[in-house]
There are 2 protein chains.
Amino acid sequence: MSNLSVELEQAFQSAALRPTAQRYAVLEFLAGHPVHATAEEIFHAVNRSDPRASRATVYNNLRSLAKAGLVRELVSEGKAARFDANLHPHHHFLCENCGAVEDIPWFDLPSAVGRSALGERVVRRYEILFRGHCDRCRRPDGGPGLVKPDGNEGAVI
Amino acid sequence: MSNLSVELEQAFQSAALRPTAQRYAVLEFLAGHPVHATAEEIFHAVNRSDPRASRATVYNNLRSLAKAGLVRELVSEGKAARFDANLHPHHHFLCENCGAVEDIPWFDLPSAVGRSALGERVVRRYEILFRGHCDRCRRPDGGPGLVKPDGNEGAVI
DNA sequence: CGCTTAAGTTAGACACAGTCTATATTTAGA
DNA sequence: TCTAAATATAGACTGTGTCTAACTTAAGCG
């Protein structure tokens, strides 16, 4: 049995989720594809090989896996929800020009920051979404011009 | 002419957007309702009073207003997109128990933080999404117990 | 083992959010 | 006033996600 299988089964165990073939296939796909897959892509990927899963099952499993913290639903504005295996926490960057969603390595918010703004709330997790222009869109023609869409280039951080 | 009208017209002016009746109605509604309205709610609100607007127009205007920075599309995971008038920037808090979305007063990320993680990207804006339990859900029965869903209470920030 | 029961799976109908198209109207500016 | 470009419109259409009711499987127990 491969390392991955062991790892996944342990993850199920500790999350108290039954390791069904369909659920396993969903998690395995996400663990092996470090991209931000849509539910639809996952649905097709799973149904290409064996344990088949209906659309409802894929959604059910994504939800139960997300609840258990094994998978994360991406925060974004696109129409189709995207998911990734929640192995390493990270922030996200959304390119306003080409729409790409990129991972930003995790860094902590200094704990003093935001304390008072949050009041009595209990914060379990957080994530920062940056927007701007990715590496490829930074200078549209390789030229020295400014970024296209609305003209005002300038880092805010 | 009211203060608000003047303010809105100036906003259009500076954004180089034509102040059409429909566009005005959309922005006026958002400015007057500091909640996170869905496109559908805005559509209905606008069509209750005069300048009527078709569904497509509401969506078009929300997009053009968002592009101009007068309106902001909320980052979240629900199915229907939500918008607010972008008067004061703020972060968001999502209650994992009751689903409420709350505004968190704006605070800047210290500029040193994240610099290296972002590489060459040009960051225009950013927003932090916190998740956890809101004030009301913090102690389910008013009792001293822990938060329900998965048991492990504890602030991370 | 062989039951029992609760959790999970299924196909496909359904509901809803958002987009598109082709045409008509309005605005800004000359 | 006239023209070109921007914007508005109705409603059909697409894609994403949910629901239902019947069926299957996993886990615990005697």
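Note on naming: letters A, B, ... go to the chains in the order of the sequence lines (proteins, then strands), and numbering restarts at 1 for each one.
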Short side-chain N/O contact from R23(B) to OP1 or OP2 of dT7(D), under 4.0 Å: yes
Taking the basic N atoms (NZ, or NE/NH1/NH2) and the acidic carboxylate oxygens, is any pair closer than 4.0 Å for R121(A) and E102(B)? yes
What does T20(A) touch in the nucleic acid at a heavy-atom separation under 4.0 angstrom: a base, only the sugar-phosphate, or nothing? sugar-phosphate
Report yes if some heavy atom in the side chain of R72(B) is under 4.5 Å from a heavy atom in the side chain of F83(B); otherwise report no. no
Quick check: on DNA chain D, is the nucleotide nearest P19(A) upstream (toward 5') of the one nearest Y59(A), or the reverse? Name the residue that is more 5'. Y59(A)
Without decimals, in angstroms, what is the distance between N60(A) CG and dA11(C) C1'? 13 Å
Closest-nucleotide 5' rank along DNA chain C - winner of T38(B) and A21(A): A21(A)
Please state whether the phosphate of dA11(C), meaning OP1 or OP2, lies under 4.0 angstrom from any side-chain nitrogen or oxygen of R55(A). no
Any heavy-atom pair between the side chains of I42(B) and L30(B) that's under 4.5 Å? yes
d(CZ, F12(B); C1', dA6(D)) in whole Å: 14 Å
At under 4.0 Å, does any side-chain N or O of N61(B) touch on OP1 or OP2 of dA8(D)? yes
Is any side-chain nitrogen or oxygen of R63(B) closer than 4.0 Å to OP1 or OP2 of dT19(C)? yes
Take atom NE2 of H44(A) and atom C1' of dT16(D), then tell me their distance rounded to the nearest Å. 13 Å
A80(B) side-chain proximity, nearest of dG11(D), dA17(C), dT10(C): dA17(C)
Would you call the rings of H33(B) and F29(B) parallel, tilted or perpendicular, taking 30° and 60° as the class edges? parallel
Taking the six-membered ring for Trp and the full ring for Phe, Tyr or His, determine whether the centres of Y126(B) and H91(A) are under 6.0 Å apart. no
Between CD of E40(A) and P of dG17(D) the distance, given in whole Å, is 9 Å
Value in whole Å for how far the C1' atom of dT16(D) lies from CD of E73(A): 12 Å
Euclidean distance, atom CG of residue N47(B) to atom C1' of dT9(D) [Å, nearest integer]: 11 Å
Which of the following nucleotides, dT10(C), dT9(D), dT16(D), is nearest to the side chain of S54(B)? dT9(D)
Once you round it to whole Å, what is the distance between P of dG18(C) and CZ of R82(B)? 10 Å
Phosphate-side-chain proximity, Q22(B) and dT26(C), N/O vs OP1/OP2 below 4.0 Å: no
Round to a whole Å and report the spacing from CZ of F83(B) to P of dG18(C). 7 Å
Given dG18(C), dT25(D), dT18(D), which nucleotide is nearest the side-chain atoms of R18(A)? dT25(D)
